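Below you'll find the structure, written out as structure tokens, and then a few comments.
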Amino acid sequence: MSIKRISSGGEFEAKIGYCRAVVAGGFVHVAGTVGQGEGVVEQARSALATILAALEKAGASLADVVRVTYYLSDRHEFEPCWPVLREAFGTNPPAATMIECGLIDPKYRIEIEVTALAPH
């Protein structure tokens, strides 16, 4: 089985020792991704753009996502994100989990992690 590692060039990949995505075992595993912006909705949009870029480097898209996990520091901020998430996944909604937890920095309001089917 081959493994393909995809870097986004982000500064923390080298510092921490991870890559944005790994293609292995028929899936694209995208690391937890935070976004930029003042509010949770802007950050969700930004994180999804970074995730989409990684999926595209693997030859996949958001339509191929089978599992998504949302991590939020405040569960009450999840509902404002729903329209953005619905727009991103459209008619191909993945299985999903939302977890309320502490994130690496208080400025981050949401982190998103996905698993997608890899192209054949």
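This one's a predicted model, so the numbers in the text were calculated from it and none came from an experiment.
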Inset, instruction - Check the hydrophobic clustering (I, L, V, M, F, W, Y; side-chain heavy atoms under 4.5 Å; chains of links allowed) and say if W82 and V40 are grouped together. - result: yes

Inset, instruction - State, to 0.1 Å, how close V66 and P94 come at their nearest heavy-atom pair, and which atoms those are. - result: C-CB, 3.6 Å

Legend entry - Parallel, tilted or perpendicular: ring planes of F27 versus H29, cut at 30 and 60 degrees: tilted

Legend entry - R109 side chain to E38 backbone, donor-acceptor under 3.5 Å: no

Inset, instruction - Step through the shown structure and confirm whether more than 12 heavy atoms of other residues, nucleotides or ligands are within 6.0 Å of CG on L117. - result: yes

Legend entry - Which atom of A58 lies closest to which atom of V28, heavy atoms considered: CB-CG2, 3.8 Å

Inset, instruction - To the nearest 0.5 angstrom, please state how far the CD1 atom of I6 sits from the CG atom of L55. - result: 8.0 Å

Inset, instruction - For the pair S46 (side chain) and Q36 (backbone), establish whether a donor and an acceptor sit closer than 3.5 Å, ignoring hydrogens and angles. - result: yes

Inset, instruction - Answer with yes or no whether the hydrophobic clustering places I99 together with I110; edges join I, L, V, M, F, W, Y residues whose side-chain heavy atoms lie under 4.5 Å apart. - result: no

Legend entry - Nearest heavy-atom neighbours spanning Y70 and A96: CE1-CB, 4.1 Å

Inset, instruction - Supply the atom-to-atom distance R20 CZ to T33 OG1, rounded to the nearest 0.5 angstrom. - result: 4.0 Å

Inset, instruction - Look at atom CZ of R67 and say whether more than 12 heavy atoms of other residues, nucleotides or ligands are closer to it than 6.0 Å. - result: yes

Legend entry - Rounded distance (nearest 0.5 Å) linking atom CD of E79 with atom CE of M98: 11.0 Å

Legend entry - G39 backbone acceptor or donor facing E42 side chain under 3.5 Å: yes

Inset, instruction - Verify, without hydrogens or angle tests, whether E113 (side chain) and T69 (backbone) share a donor-acceptor contact under 3.5 angstrom. - result: no

Inset, instruction - Calculate, to the nearest 0.5 Å, the distance between atoms CG and CZ belonging to L85 and F78 respectively. - result: 5.5 Å

Legend entry - Residue pair V23 / A118: nearest heavy atoms and the distance that separates them: CG1-CB, 3.9 Å

Legend entry - CA sep, side-chain torsions, deciding dist, call: L48, V84, side-chain contact (heavy atoms from CB on, under 4.5 Å): CA-CA 9 Å; L48 286 167; V84 172; 3.8 Å; yes

Legend entry - Under the ring-ring contact (aromatic ring centres under 6.0 Å, His included) test, residues paired with F89 that sit two or more places apart: none

Inset, instruction - Would you kindly confirm whether V68 and V41 end up in one hydrophobic cluster when ILVMFWY residues are joined by side chain heavy atoms under 4.5 Å apart? - result: yes

Inset, instruction - Locate the shortest heavy-atom distance separating A31 from C19; write the atom from each residue and the value. - result: CB-O, 3.7 Å

Legend entry - Side-chain donor-acceptor pair present, S7, E13, cut-off under 3.5 Å: yes

Inset, instruction - Hey, could you give me the CD/CG distance between Q43 and L72, rounded to the nearest 0.5 Å? - result: 9.5 Å

Inset, instruction - Nearest 0.5 Å please: distance from the OG atom of S61 over to the CG atom of N92. - result: 7.5 Å

Inset, instruction - Return the minimal non-hydrogen interatomic distance between P119 and G59, and the atom names on each side. - result: CG-O, 3.6 Å

Legend entry - Student check: side-chain heavy atoms of L52 and T50 closer than 4.5 Å: no

